[in-house]
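All heavy atoms count here, side chains included; hydrogens, waters and symmetry mates do not. Letters go in sequence order (proteins before strands), and every chain restarts at 1.
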Amino acid sequence: MKYSFKDIERKWQRIWEEKGVFKSSPQKDKKKYYVLEMFPYPSGRIHMGHVRNYSIGDVIARFKKMRGYNVLHPMGWDAFGLPAENAAIKSGVHPKDWTLSNIAYMKEELKKLGLSYDWDREIATCLPEYYRWNQWIFLKMLEKGIAYRSKASVNWCPSCQTVLANEQVDEEGRCWRCGTTVEQREIDSWFLKITDYAEELLKDLELLKGHWPEPVITMQKNWIGKSIGARVKFEVPEKGETIEVFTTRPDTLFGVTYIVLAPEHPLTLKLSAGTEQEEAVKDFVEKIRRTEKRKRTTGELEKEGVFLGVYAVHPLTEEKIPVYAANFVLMDYGTGAVMSVPAHDQRDFEFAKKYGLPIKVVITPENEELKAEELEKAYTEPGILVNSGKFSGMKSEEAKKAITEELERLGKGKREVQYRLRDWNISRQRYWGTPIPVIHCKKCGIVPVPERELPVKLPENAPLTGEGRSPLERVPEFVNVKCPKCGGDAKRDCDTMDTFFDSSWYFLRYCSPKEETLPFKPEEAEYWMVVDQYIGGIEHAVLHLLYSRFFTKVLRDIGLFKADENHPQKEFFKAGEPFQNLLTQGMVNKRWVSVKNLLKAYNLSEESTVSELVKALTGKDTENGETIGSLMKRHHVTIGDNAILLLKTEEVGKFIDNLEEFLSELEKKYGEVSKMSKSKLNTVDPDDMIERYGADATRLYILFAAPPEAEFEWKTEGIEGAYRFLRKVFGFVADKRGLFEGSLKGAPSKKGKDLRRKVHQTLKKVTEELEERFKFNTAIAAIMELFNAMSSFKPETEGDKAVLKEAIEKLIVMLSPFTPHVAEEMWEMTGHYTLLAKESWPEVDESALKEEEIELPVQVNGKVRDRITVPADADEETVKEIALSSEKVKKYTEGKTIVRFIYVKGRLVNVVVR
RNA sequence: GCCCGGGUGGCGGAACUGGCAGACGCACGGGACUUAAAAUCCCGGGGCCGUAAGGCCGUGCGGGUUCGAUUCCCGCCCCGGGCACCA
């Protein structure tokens, strides 16, 4: 019988849909299970990362359903965002049309994968039915003081007169559209006070331990970055100003030899005004302003600073200390100013060496003396204080406290806790996002849009040109409104929200997607939440997951839901934690070659000619004097793009005979492995795979290739194996259909018993893998192993046939979460009238697992020398007797003394001789 | 520079708590079937030495702990990802 996957897959997708198998509703008497995969951005087509993510989720959802849970498994669209707007700028299509047609297309693709979603709960964040609740939540936050207005620094293109996202700024810090060097600019923005929740977000990570991957917890912890230290005041008497610094090492206070301010610090220009350094400082600040943020913060830039021409006074010694400004001090961390202790901080040390500033040792290791002039690097360990007045002789830890107390007593400082975490800027100068529901009135200031007027709808006719501050500003009927308070002329806020806002609570909306009076129905959220299993890419380890945790806590505090004392996830509920368990799936990578690497490999540059390139690649002669750089420019190829783009151009491609083969050779030689992404053109289209091998085989392969959390490199050959396996199983089951016709009686033979043991061992393993470890690759391997045993099994008795029949039945059930369509088909083929998707997962028969005899390796001094067969329940004495009587073992023990005999029950034997 | 991962056959990976290294699959080689090819089925396989039995070596490199180390400890090398120089 032929494995016609197309017919099979279409058939069962239709039946599941017709029978509403995956519809969900709260059932108070049933245990619930909420499994959720991160919703996709509707970029146009699904990619392998999606297939992997959603296959993992589907296996879990189907398995839990078979385990008797009331499963919620929804899907939707993270539908606002920059690409829609970019598409509009490039080709004039409206973001709404672009997005909605992408959604329609991708939904079909997802359906073809046979995923068990309850599509009745589908949401799209770009629809007013959804985003009105963003606005509603924003207004609540405004009321509670969580949303506030402040200045933010943004990438500004002076030529397009527009704000750029980080990804719209290229590696050299230039605008993606016009190539102008990007500047930093301060604009008014809306912020959310996530820092108010810093302590709670940090503390509740404890609750997530054991449920979330450890690296994610670590990353969030580092991101929040709590540190305890002191705020210290340094006065600048000649200017009548005070510089406040934050330090984690108050114990090194006596070693301060200079102070450094961030260039943006308000005192930087103020202090230098009127000194001989005034001009130099102005130039420096201007230069930094023109430097891209990313460069400044990833250590790519050399440490650079300028003297401000003034001195501060040390709070305890009253020494005069020079004040500098430098590029490595950030305005938005701490106070924007640092006290520098070059002897005990490596960065300060380097800066002091560069600018010839004094170095003063104030901490020494025990029993050792450090000399400033001999130091080659900073001594950053704790130690004993020296040269520190009355604090000399104290240990670092003790001194931190004592010095802080002294400062407090003198009114020159105080103990302080700082977080690295900064408030969340949600204003975006974009069109395709949620309008921020406030009105700016000259008389009344900032006035919230009244709740009954929500949603503030996006106007459809905003001009999208990529220029100008915000597209909404150019729609007069949107901008000009009457102030809700005084009725006078006023203007709407023309920014839209960061799309992370949309995705920070969508999992709550799924609980009651059609609710019209609130973001969600409290009683439904109280039934379905907390998400039992969340699955998504590791790249969201910090931002999305942290913001969602923050939102759930805020919504709890607003009173939108409360914990039921009987809820099984009560603890998580009370803490306002949205996701109990998290699985971070690894990326799907593929090998590719960048233009940069290609040119390097052939010793060419952008100035080389096209004929030189062709010559290098193929040995053929042509006459084309155009430079590679100019060719690239004409074809919109950049140095970081995939070399395919360059090789496929008409000027080059026609000289390469077998382009496909040529490219794969090139990848082998010069390729690098990285995440599949559109910009690198190293993608494999899931549609092609489904078309050629079917959804079942595609799912099976992607789950089999590697454990879910590991990255893996996509190899197209691998899927053939998965396809072959399914075809074999299908053929085998079709062949053995007869077994299901009558009843079979009698006892199985020894071989029959062995097979039955294998069946239940496999069932046990697969159940455990699906229940706890999520190691789908080994679960699938175990199923394949079982199938290998089944296909070589020759029944000798009727009892044996009964065993084989049971084996087939269990095999089909075990396959069903992974390859649901072919499993349903085989289930039907073997005479079942139920839907497998609604069947229960079978129980392991423990009695079938018992083995009478086991094989043990026998080691002599740790090396395997023989294998022995012993009764499964044999005690150590019996095992020892059998082991030592083995001829092969004797060979190695003869004439030697047995000093130790180790028997690890059921595992191995080790004889130690001397 | 800092943080987080990772390094096991030709390849993807397995080995769960310190206990048989290489399960399962891919690719490959040999054979069967076929006029032939494809498909399918059977067999083989870490390296070195050996006709074989068997022996030695082997989980990035160098040490250590242990009866026993892919797993634990110390030092180093390489690859991938992230980053906000965090005072």
Side-chain angles (χ1 to χ4, degrees), chain A residues 213-216 218-219 221-223 225 227 229 232 245-249 252 260 262 293-294 296-301 303 326-330 332-341 345-348 350-351 418-422 538-539 541-542 586-587 589 672-675 700-701 704-707 709-722 724-725 727-728 731 765 768-769 772-773 775 777-788 791-792 855-864 867 888 899-914:
Chain A
E214 204 53 47
V216 176
T218 311
M219 281 191 255
K221 209 167 165 179
N222 292 345
W223 193 265
S227 59
V232 187
V245 306
F246 172 72
T247 179
T248 52
R249 295 289 305 271
T252 63
V260 189
K293 226 196 294 184
R294 186 183 57 82
R296 258 186 83 187
T297 50
T298 51
E300 283 173 39
L301 225 56
K303 291 169 183 48
N327 57 356
F328 61 86
V329 177
L330 302 172
D332 28 16
Y333 181 76
T335 59
V338 300
M339 58 176 227
S340 295
V341 186
D345 181 285
Q346 187 56 28
R347 196 184 47 204
D348 295 346
E350 287 165 23
F351 192 81
Q418 276 286 345
Y419 297 91
R420 238 167 69 106
L421 182 70
R422 299 197 297 249
I538 183 81
E539 64 271 24
V542 178
M587 289 181 293
N589 296 333
E672 57 186 302
V673 173
S674 56
K675 178 176 155 180
L700 190 69
Y701 171 60
F704 176 66
E709 64 290 352
E711 300 185 347
F712 85 96
E713 194 189 328
W714 180 271
K715 292 262 175 64
T716 303
E717 309 88 62
I719 196 173
E720 306 251 358
R724 239 177 347 236
F725 172 72
R727 200 170 50 189
K728 275 192 278 187
K765 178 165 175 86
E768 280 168 6
E769 303 286 34
E772 297 148 24
R773 300 207 315 154
K775 293 264 181 187
N777 55 332
T778 53
I780 294 167
I783 294 173
M784 287 176 169
E785 219 174 308
L786 172 65
F787 176 69
N788 290 344
S791 48
S792 57
E855 203 189 59
L856 289 178
V858 183
Q859 301 181 332
V860 180
N861 287 351
K863 285 195 172 161
V864 179
R867 287 161 196 288
K888 287 179 181 164
V899 291
R900 230 173 130 181
F901 182 86
I902 295 153
Y903 174 48
V904 185
K905 200 164 181 350
R907 287 286 203 169
L908 58 42
V909 170
N910 191 9
V911 187
V912 187
V913 297
R914 210 173 24 216

So what does A:Val912 touch, heavy atoms closer than 4.0 Å: a base, only the sugar-phosphate, or nothing?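 Sugar-phosphate only.
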Within the 4.0 Å heavy-atom criterion, would you say A:Lys765 contacts the bases, only the backbone, or no part of the nucleic acid?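 Answer is base: heavy atoms of A:Lys765 come under 4.0 Å of a base.
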Which nucleotide wins on minimum distance to the side chain of A:Arg900, given the candidates B:U40, B:C67, B:A87?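 Between B:U40, B:C67, B:A87, the one nearest the side chain of A:Arg900 would be B:C67.
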Just compare B:C4, B:C3, B:A87 and give me whichever is closest to any side-chain atom of A:Pro215.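 Shortest atom-to-atom distance from the side chain points to B:C4.
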Which whole number of Å gives the distance between the [atom1] atom of [N] and that of [M]?
N     : M     : atom1 : answer
B:G10 : B:C49 : P     : 15 Å
B:C42 : B:G47 : C1'   : 27 Å
B:C74 : B:G5  : P     : 15 Å
B:C61 : B:G45 : P     : 25 Å
B:C73 : B:G18 : C1'   : 13 Å
B:A21 : B:A14 : C1'   : 10 Å
B:C86 : B:A15 : P     : 38 Å
B:U71 : B:G9  : P     : 15 Å

Dot-bracket for RNA chain B, 5' to 3', Watson-Crick and G-U pairs with both distances under 3.5 Å, [ ] for crossing pairs, | for partner on another strand, reads (((((((..(((......[....))).(((((.......))))).((((....))))..(((((..]....))))))))))))....
[X] [atom1] - [N] [atom2] separation (whole Å):
X        : N     : atom1 : atom2 : result
A:Asn222 : B:C2  : CG    : C1'   : 10 Å
A:Leu700 : B:C26 : CG    : C1'   : 13 Å
A:Ile719 : B:C26 : CD1   : P     : 13 Å
A:Gln346 : B:C2  : CD    : P     : 10 Å
A:Leu421 : B:C83 : CG    : P     : 16 Å
A:Phe351 : B:G1  : CZ    : C1'   : 17 Å
A:Arg249 : B:C86 : CZ    : C1'   : 15 Å

Flag the pair A:Glu350 / A:Arg347 as yes when at least one side-chain heavy-atom distance between them is below 4.5 Å, and no otherwise.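 SC-SC contact between A:Glu350 and A:Arg347 ruled out.
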Do the non-hydrogen side-chain atoms of A:Asn222 and A:Met219 ever get within less than 4.5 Å of each other?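 No. Closest side-chain heavy atoms not under 4.5 Å.
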Check: B:A87 base within 3.5 Å donor-acceptor of A:Arg347 side chain: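 Answer is yes: a donor-acceptor pair is held.
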Residue list, ring pair (Phe, Tyr, Trp, His ring centres under 6.0 Å) with A:Phe787, at least two apart or on another chain: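 Partners of A:Phe787 by the ring pair (Phe, Tyr, Trp, His ring centres under 6.0 Å) criterion, ordered by chain and then number, come out as A:Phe725, A:Phe732.
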For nucleotides 19-25 of chain B, give me one character per nucleotide, 5' to 3': B if any protein heavy atom sits under 4.0 Å from the base, S if the only such contacts are to the sugar-phosphate, - if neither. BB--BBS
Syn/anti state for B:G9 [syn: chi within 90° of 0]: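 That one's syn.
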[X] side, atom [atom1]; [Y] side, atom [atom2] - distance, nearest 0.5 Å:
X        : Y        : atom1 : atom2 : value
A:Leu908 : A:Glu855 : CG    : CD    : 12.5 Å
A:Ser227 : A:Tyr419 : OG    : OH    : 9.5 Å
A:Ile783 : A:Glu769 : CD1   : CD    : 10.0 Å

Pair A:Lys775 + A:Glu709, salt bridge at N-O below 4.0 Å: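 Between A:Glu709 and A:Lys775 there is a salt bridge, with a charged N closer than 4.0 Å to a carboxylate O.
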Got a sec, which residues hit side-chain contact (heavy atoms from CB on, under 4.5 Å) with A:Arg420, two or more places apart in sequence or on another chain?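 Listed in chain order: A:Trp223, A:Tyr333.
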Tell me every residue that passes side-chain contact (heavy atoms from CB on, under 4.5 Å) with A:Val260, counting only those two or more places apart in sequence or in another chain.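 A:Tyr258, A:Tyr324, A:Ala326, A:Val329, A:Val338, A:Ser340.
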Protein-nucleotides 53-57 of chain B N/O pairs under 3.5 Å:
unit_1, atom_1, unit_2, atom_2, d
B:G55, OP1, A:Arg865, NH1, 3.3
B:G55, OP1, A:Tyr892, OH, 2.5
B:C57, OP2, A:Lys863, NZ, 3.1

Of A:Lys775 and A:Asp345, whose nearest nucleotide on RNA chain B comes first from the 5' end?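 The residue whose closest nucleotide sits nearer the 5' end is A:Lys775.
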A:Arg420 side-chain N/O to B:A84 phosphate OP1/OP2 under 4.0 Å: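 For B:A84, neither OP1 nor OP2 has a side-chain N or O of A:Arg420 closer than 4.0 Å.
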For A:Lys221, I'd like to know if atom NZ has over 12 heavy atoms of other residues, nucleotides or ligands within 6.0 Å.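 Check fails, neighbour count at 12 or below.
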Check A:Val909, A:Val911, A:Val912 against A:Ile902 for a side-chain contact (heavy atoms from CB on, under 4.5 Å) and give me the one that passes.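 One option only clears the test, and that one is A:Val912.
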Taking A:Asp348 for the side chain and A:Val341 for the main chain, is one N or O donor matched with an acceptor at less than 3.5 Å?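 Indeed, once roles are kept as given, a pair shorter than 3.5 Å links the two residues.
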Short side-chain to backbone donor-acceptor contact, A:Asn910 and A:Phe901, under 3.5 Å: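 Checked: no pair found.
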